[in-house]
Amino acid sequence: MNLKYCGYSTKLLLALFLIFTIPGVGAADSLAGKVGDKRFSPYLSLDPKEACTKAYNAFVAASGHSAYATTFYSRVVDLYIICGTKLNAPSQKAAEDAALRNCQAGLKKWKVRTASGGCEIAASK
């Protein structure tokens, strides 16, 4: 038996195998443009320059694990909204913890109390 073409066919099969399997290895879904687990709809200003609206848009655009925390909004009692984000954290849980801490730090910094009681995670991914 002549093994003249055996090496060529082995290389060809290996090349085809690599062509079809390698693209699937690094093709993890990006989280960019996705809201993820939305717990409630946060109040967002129509003004895209407003700080919490910018923070929410950055959260949606982030490609890694991220979270958006905010105070609930009551039109009757609350005149302001405090928010916090964590973008591209190592895990969803870490992003939620950091976003909640950022929001609570805003409440302490501006020495405000809300009728709703404090910050909650609005969405995370």
Side-chain angles (χ1 to χ4, degrees):
M1 184 171 147
N2 189 355
L3 297 177
K4 181 175 163 182
Y5 299 106
C6 185
Y8 176 75
S9 61
T10 303
K11 290 178 186 176
L12 181 62
L13 287 173
L14 181 60
L16 288 172
F17 176 74
L18 290 174
I19 288 171
F20 288 111
T21 58
I22 295 299
V25 171
D29 286 339
S30 173
L31 297 173
K34 298 178 182 170
V35 175
D37 301 330
K38 192 172 190 179
R39 298 181 186 163
F40 65 90
S41 294
Y43 176 81
L44 298 173
S45 171
L46 295 177
D47 180 13
K49 295 179 183 176
E50 197 269 326
C52 286
T53 303
K54 283 169 118 177
Y56 184 79
N57 290 339
F59 157 73
V60 172
S63 60
H65 293 290
S66 304
Y68 177 81
T70 185
T71 55
F72 290 105
Y73 177 68
S74 171
R75 292 182 296 166
V76 178
V77 180
D78 295 331
L79 300 175
Y80 44 80
I81 297 172
I82 307 293
C83 62
T85 59
K86 175 61 179 167
L87 307 177
N88 301 319
S91 69
Q92 184 175 358
K93 178 72 173 143
E96 289 176 2
D97 292 342
L100 203 53
R101 281 194 310 269
N102 288 342
C103 184
Q104 291 166 344
L107 288 174
K108 289 179 186 174
K109 178 181 178 180
W110 288 292
K111 297 180 177 97
V112 295
R113 293 186 182 215
T114 61
S116 60
C119 298
E120 290 292 327
I121 299 294
S124 67
K125 57 182 176 179

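Hydrogens, waters and symmetry mates play no part in the numbers below; they use all other heavy atoms, side chains included.
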With a 4.0 Å cut-off, would you call K93 and D97 a salt bridge?
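So K93 pairs with D97 through a salt bridge.
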Answer yes when R39 and E96 have at least one side-chain N-carboxylate O distance shorter than 4.0 Å, and no when they do not.
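Judged by the 4.0 Å cut-off on N to carboxylate O distance, R39 and E96 do form a salt bridge.
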Distance in Å, [X] [atom1] paired with [Y] [atom2], rounded so as to fall on 0.5 Å steps:
{"X": "L44", "Y": "I81", "atom1": "CG", "atom2": "CD1", "answer": "7.5 Å"}
{"X": "Y43", "Y": "T71", "atom1": "OH", "atom2": "OG1", "answer": "11.5 Å"}
{"X": "C119", "Y": "I82", "atom1": "SG", "atom2": "CD1", "answer": "7.5 Å"}

If only atom types and distance count, is the side chain of K38 paired as donor or acceptor with the main-chain N or O of S124 below 3.5 Å?
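No, the answer is negative, given that no donor and acceptor are paired below the 3.5 Å cut-off.
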Is a side-chain donor or acceptor of K125 paired with a backbone partner of V60 at a separation under 3.5 angstrom?
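Yes: the side chain of K125 pairs with the backbone of V60.
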Min side-chain heavy-atom separation [X]-[Y] under 4.5 Å:
{"X": "S63", "Y": "N88", "value": "yes"}
{"X": "Q92", "Y": "D37", "value": "yes"}
{"X": "P42", "Y": "Y68", "value": "yes"}
{"X": "L107", "Y": "T114", "value": "yes"}
{"X": "F59", "Y": "N57", "value": "no"}

Ring centres under 6.0 angstrom apart (F72, F40)
yes
Answer with yes or no whether the hydrophobic clustering places Y56 together with L31; edges join I, L, V, M, F, W, Y residues whose side-chain heavy atoms lie under 4.5 Å apart.
no
Could you go through C83 and C103, starting from their C-alpha distance and side-chain angles, then the distance that decides it, and tell me whether this counts as disulfide bond (SG atoms under 2.5 Å apart)?
CA-CA 5 Å; C83 62; C103 184; over 6 Å; no
